[in-house]
Amino acid sequence: MAEQESKQALMIQLPWTIPQQENKQAVVLQQPNGQKVYLDLNHSTDTTAISSFGLSVLIAVILGLFATWLAYWYGRRSFDLTKQSFDSLIEQIKSSENVTLKTNSELMSTQQVQKEYELKFLRKQADRSDFRKKSFEYIHIAKLLMKFLVIKINNIEDSTWDYLIKQHKSTFYDEFQSRVEPDFEKLGAISLELFMILNIKSVNHYKFSKMIEDINRNILSILNTLDSKIETTKNVKSMSNQINELLILMTEIIHSDEALN
């Protein structure tokens, strides 16, 4: 009877009235000698979980440290490469600046030399043009003077020449002097301008000076020898030859770079 009541009391208990009992799992190991060994799985499972968690944390920490080191290494490497690239760029810029400065310096020197050469060439061309112009002017005046003297000599007979010297010497001299002296002064002024254009170290400078001096001396001799038609004629012929030789020398000087400054 009591047993039946106990069963009924057990049967009417609700699920939430049943006290929770600890679930335990165990494994029985059969030993060869027939003994049984009980293993508590709950304790083993907890230990395994903790060990797995600790191992996971340790691996995570190691991976994190490795990732941090790797990031630092790549960052440092990237910084070094960037610094090397920057330093290389700076060196290239400096090298480029040095090359540019050297090139500009050489270019300026070349341009300066070329400019000096061009200026020298232009100056020499100007001197050549002036010398040609002054030479033509000198020869033109000298030939007009020669023409005047030749006409006088050819148009005056020997006897008439002697008569004019004896009877009208002053008038006769004045007629010559009024024409010869102004031309002589003009020729002297032009010859000085020609001397200034010529290179004083040139060989042609000496030749030119000598010819001009001979012509000037001949002109003065003509004025001093009017008493004798024969001497005057001789001096005029000599002057004509000197003018022709001077014209040849002037042509050589015009076409020579060495004779000009």
Side-chain angles (χ1 to χ4, degrees), residues 122-261:
L122 292 175
R123 184 172 59 250
K124 185 160 291 188
Q125 288 294 96
D127 290 343
R128 181 176 285 109
S129 178
D130 288 343
F131 190 87
R132 183 185 291 109
K133 179 180 178 181
K134 296 297 180 182
S135 297
F136 175 80
E137 187 176 353
Y138 186 94
I139 296 298
H140 177 69
I141 294 174
K143 285 190 173 182
L144 288 178
L145 179 59
M146 282 294 304
K147 183 178 180 180
F148 166 78
L149 294 173
V150 170
I151 290 174
K152 283 294 184 182
I153 293 173
N154 292 335
N155 290 342
I156 301 176
E157 298 291 337
D158 295 347
S159 58
T160 304
W161 187 286
D162 293 338
Y163 172 79
L164 291 173
I165 290 297
K166 291 178 180 179
Q167 302 297 327
H168 304 282
K169 184 175 182 179
S170 178
T171 304
F172 186 73
Y173 267 76
D174 290 343
E175 184 179 359
F176 275 88
Q177 288 179 346
S178 63
R179 177 59 189 272
V180 174
E181 287 183 354
D183 288 346
F184 178 77
E185 293 177 358
K186 290 178 183 179
L187 293 174
I190 296 173
S191 63
L192 288 177
E193 294 180 5
L194 291 171
F195 287 142
M196 296 296 295
I197 299 174
L198 286 177
N199 182 3
I200 193 172
K201 297 180 180 179
S202 171
V203 176
N204 288 328
H205 185 277
Y206 172 77
K207 292 181 180 179
F208 182 79
S209 300
K210 183 69 169 57
M211 287 186 178
I212 292 293
E213 183 181 350
D214 292 341
I215 291 174
N216 291 340
R217 186 183 296 111
N218 233 331
I219 294 174
L220 293 177
S221 297
I222 291 171
L223 292 176
N224 294 327
T225 59
L226 288 177
D227 290 348
S228 173
K229 184 181 178 181
I230 295 175
E231 292 295 326
T232 302
T233 302
K234 185 187 299 183
N235 289 332
V236 170
K237 287 182 179 180
S238 176
M239 180 180 172
S240 178
N241 294 331
Q242 291 170 345
I243 291 175
N244 291 332
E245 292 177 0
L246 179 62
L247 180 59
I248 295 173
L249 179 61
M250 285 178 170
T251 303
E252 293 179 359
I253 292 174
I254 289 172
H255 293 89
S256 173
D257 290 335
E258 181 266 342
L260 302 174
N261 287 319

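Throughout, residue positions are numbered sequentially from 1 according to the sequence presented. This is a predicted model, so every value here is computed, not measured. In what follows, every heavy atom counts, from backbone to side chain, and hydrogens, waters and symmetry copies are set aside.
In this structure, F195 and F208 have perpendicular ring planes: the angle between them is above 60°, well past the 30° mark.
The CG atom of N204 sits 12.0 Å away from atom CE of M250, with the distance rounded to the nearest 0.5 Å. Atom CG of L122 is separated from atom CG of D127 by 11.0 Å, given to the nearest 0.5 angstrom. Rounding to the nearest 0.5 Å gives a distance of 11.5 Å between CD1 of I165 and OG1 of T160.
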Please tabulate, one pair per line, all N/O donor-acceptor pairs under 3.5 Å involving side-chain atoms of residues 133-149, not counting sequence neighbours.
{"residue": "K134", "atom": "NZ", "partner": "E193", "partner atom": "OE1", "Å": "2.7"}
{"residue": "S135", "atom": "OG", "partner": "F131", "partner atom": "O", "Å": "2.6"}

Result block: side-chain N/O donor-acceptor pairs under 3.5 angstrom for residues 211-230, not counting sequence neighbours:
{"residue": "E213", "atom": "OE2", "partner": "R217", "partner atom": "NH2", "Å": "2.9"}
{"residue": "D214", "atom": "OD1", "partner": "K210", "partner atom": "NZ", "Å": "3.4"}
{"residue": "D214", "atom": "OD1", "partner": "R217", "partner atom": "NH1", "Å": "3.0"}
{"residue": "D214", "atom": "OD2", "partner": "K210", "partner atom": "NZ", "Å": "3.2"}
{"residue": "N216", "atom": "ND2", "partner": "I212", "partner atom": "O", "Å": "3.3"}
{"residue": "N218", "atom": "ND2", "partner": "S238", "partner atom": "OG", "Å": "3.0"}
{"residue": "N218", "atom": "ND2", "partner": "Q242", "partner atom": "OE1", "Å": "3.0"}
{"residue": "S221", "atom": "OG", "partner": "R217", "partner atom": "O", "Å": "2.9"}
{"residue": "N224", "atom": "ND2", "partner": "L220", "partner atom": "O", "Å": "3.1"}
{"residue": "T225", "atom": "OG1", "partner": "S221", "partner atom": "O", "Å": "2.7"}
{"residue": "T225", "atom": "OG1", "partner": "N235", "partner atom": "ND2", "Å": "3.1"}
{"residue": "D227", "atom": "OD1", "partner": "Y173", "partner atom": "OH", "Å": "2.5"}
{"residue": "S228", "atom": "OG", "partner": "E231", "partner atom": "N", "Å": "3.3"}
{"residue": "K229", "atom": "NZ", "partner": "I153", "partner atom": "O", "Å": "3.2"}
{"residue": "K229", "atom": "NZ", "partner": "I156", "partner atom": "O", "Å": "2.4"}
{"residue": "K229", "atom": "NZ", "partner": "D158", "partner atom": "OD1", "Å": "2.8"}

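Looking at every heavy atom in both residues, G188 comes nearest to S191 through O-OG, 2.6 Å.
Shown here are the ring-ring contact (aromatic ring centres under 6.0 Å, His included) partners of Y163, two or more places apart in sequence or in another chain: H168. For T251, the side chain to side chain contact (heavy atoms under 4.5 Å, CB included) criterion is met by H255, not counting sequence neighbours. Applying the side-chain hydrogen bond (donor to acceptor under 3.5 Å, both in side chains) criterion to Q125, with sequence neighbours excluded, gives R128. Remark: E185 engages no residue in a side chain to side chain contact (heavy atoms under 4.5 Å, CB included) (not counting sequence neighbours). A search for side chain to side chain contact (heavy atoms under 4.5 Å, CB included) contacts involving D174 returns S170, Q177, not counting sequence neighbours.
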Working note: I248 + E252, criterion side-chain contact (heavy atoms from CB on, under 4.5 Å); need CA distance, chi angles, decisive distance, verdict. CA-CA 6 Å; I248 295 173; E252 293 179 359; 4.1 Å; yes
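Between M239 and I243 the shortest side-chain heavy-atom distance falls below 4.5 Å.
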